[in-house]
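See structure below.
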Amino acid sequence: MRHAAAFTLLAASSALAFAADMASLESGLRHAMRLKHGTNERTGTSGKAIQAYMQAGLLRTRPDQRFDYTDYYLLQKPAPFLGHELLLIEEEYITQYIGCCVSPGLGVTVKVQGSTQNLEKFAQANRCTLTDNVDLAHELREVAIKNRLPKAHYASLSCRERDAERETS
């Protein structure tokens, strides 16, 4: 009986630690996507957020693909983002000039769980661009990533330099 209680306590504490880790990862990703008040700059860096997901074993250490200026990382295990299931992280940056036009920043694609209202609010508050009803399987094939994603409701949130610079209405 004592072993069962100890096991239950250990399992519960492991689940809580896992949830705390997921919350910390999500917080870091949101931080990298937030806009600094009164500027067009983001509050955090995409590289740090991506490194944290790598260290947690949720992303490969190298991108699944690099196309133009963007690294594409498919999640290896489910992770939450604003109440939805995070599937893809994109990081746009320049290492070598290959032509017009780089727009540094971060983007994510999620499998929508319920309403997109929380994504809409985040996008509006941080001058990001939300694209709802994305054909993720097609988008991935466009950048040469083979996939077998089920038909579902997907949405993409882009928080890049060009998104922050666009006029708000």
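Since we're looking at a predicted model, the values are computed, not measured.
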Practice problem: Answer yes or no: is there a side-chain heavy-atom contact under 4.5 Å between Met33 and Ser158? | Solution: no
Quiz item: Is it true that a side-chain atom of Gln76 and a backbone atom of Leu74 form a donor plus acceptor pair closer than 3.5 Å?
Solution: yes
Quiz item: Taking atom OG1 of Thr131 and atom CG of Leu119, what is their separation to the nearest 0.5 Å?
Solution: 11.0 Å
Practice problem: Might you work through the side chain to side chain contact (heavy atoms under 4.5 Å, CB included) test for Gln65 and Thr70, ending with a clear yes or no? | Solution: CA-CA 8 Å; Gln65 182 62 280; Thr70 305; over 6 Å; no
Quiz item: About how many Å separate NE2 of His31 and OG1 of Thr43, when rounded to the nearest 0.5 Å?
Solution: 4.0 Å
Quiz prompt | Working for side chain to side chain contact (heavy atoms under 4.5 Å, CB included), residues His84 and Asn118 | solution = CA-CA 10 Å; His84 306 280; Asn118 51 0; 2.9 Å; yes
Quiz prompt | Cluster link Val134 to Leu87, ILVMFWY, side chain under 4.5 Å | solution = yes
Practice problem: Please name the pair of heavy atoms, one in Asn40 and one in Glu165, separated by the smallest distance, quoted to 0.1 Å. | Solution: ND2-CG, 3.7 Å
Quiz item: If you measure from CG on Leu130 to OG on Ser156, what distance do you get to the nearest 0.5 Å?
Solution: 8.0 Å
Quiz item: Between Glu90 and Val108, is any pair of side-chain heavy atoms under 4.5 Å apart?
Solution: no
Exercise. Report the distance from atom OH of Tyr53 to atom CG of Leu75, rounding to the nearest 0.5 Å.
Key: 7.0 Å
Quiz item: Applying salt bridge (charged side-chain N to carboxylate O under 4.0 Å, His left out), which residue pairs with at least one partner in residues 23-39 are found, sequence neighbours left out?
Solution: Glu26-Arg30, Lys36-Glu41
Practice problem: Evaluate the side chain to side chain contact (heavy atoms under 4.5 Å, CB included) criterion for residues Leu106 and Arg160: first the C-alpha distance (whole Å), next the side-chain angles of each, then the deciding distance (0.1 Å), finally the verdict. | Solution: CA-CA 6 Å; Leu106 196 58; Arg160 293 173 167 84; over 6 Å; no
Quiz item: Cation over ring, Arg66 on Tyr73, under 6.0 Å and within 45°?
Solution: no
Self-check item: Nearest heavy atoms of Met22 and Ala79, plus distance in Å
Solution: SD-CB, 4.0 Å
Self-check item: His153 and Val110, any side-chain heavy atoms less than 4.5 Å apart
Solution: no
Quiz item: What is the distance from atom OG1 of Thr39 to atom NE2 of His37, rounded to the nearest 0.5 Å?
Solution: 9.5 Å
Quiz item: Is there side-chain contact between Leu157 and Thr129, with at least one heavy-atom pair below 4.5 Å?
Solution: no
Quiz item: Okay, side chain of Glu92, backbone of Ser103: is any donor-acceptor separation there less than 3.5 Å?
Solution: yes
Quiz prompt | Leu149 side, atom CG; Arg141 side, atom CZ - distance, nearest 0.5 Å | solution = 9.0 Å
Quiz item: Do Leu29 and Ile89 come within less than 4.5 Å of each other through their side chains, counting heavy atoms only?
Solution: yes
Quiz item: For Ala155, does its backbone N or O pair with a side-chain atom of Asp132 as donor and acceptor, under 3.5 Å?
Solution: no
Exercise. State, to 0.1 Å, how close Ala32 and Ala49 come at their nearest heavy-atom pair, and which atoms those are.
Key: CB-CB, 4.2 Å
Self-check item: Side-chain donor-acceptor pair present, Tyr93, Asp71, cut-off under 3.5 Å
Solution: yes
Quiz prompt | Closest heavy-atom pair and its distance - Leu35, Ala164 | solution = CD1-CB, 3.8 Å
Quiz prompt | Thr109 side chain near Leu136 side chain, heavy-atom distance below 4.5 Å | solution = yes
Quiz prompt | Beyond-backbone contact of Lys111 with Phe81, side-chain heavy atoms, under 4.5 angstrom | solution = no
Self-check item: Where Ala56 and Leu25 come nearest, the two heavy atoms and their spacing
Solution: CB-CD1, 3.7 Å
Practice problem: Compute whether any side-chain donor of one residue and acceptor of the other, for Glu91 and Ser46, lie under 3.5 angstrom apart. | Solution: yes
Quiz item: Going through the distances and angles, do Asp64 and Leu59 end up as a side chain to side chain contact (heavy atoms under 4.5 Å, CB included)?
Solution: CA-CA 9 Å; Asp64 291 273; Leu59 297 178; over 6 Å; no
Quiz item: Less than 4.5 Å apart, any side-chain heavy atom of Phe67 and any of Ile145?
Solution: no
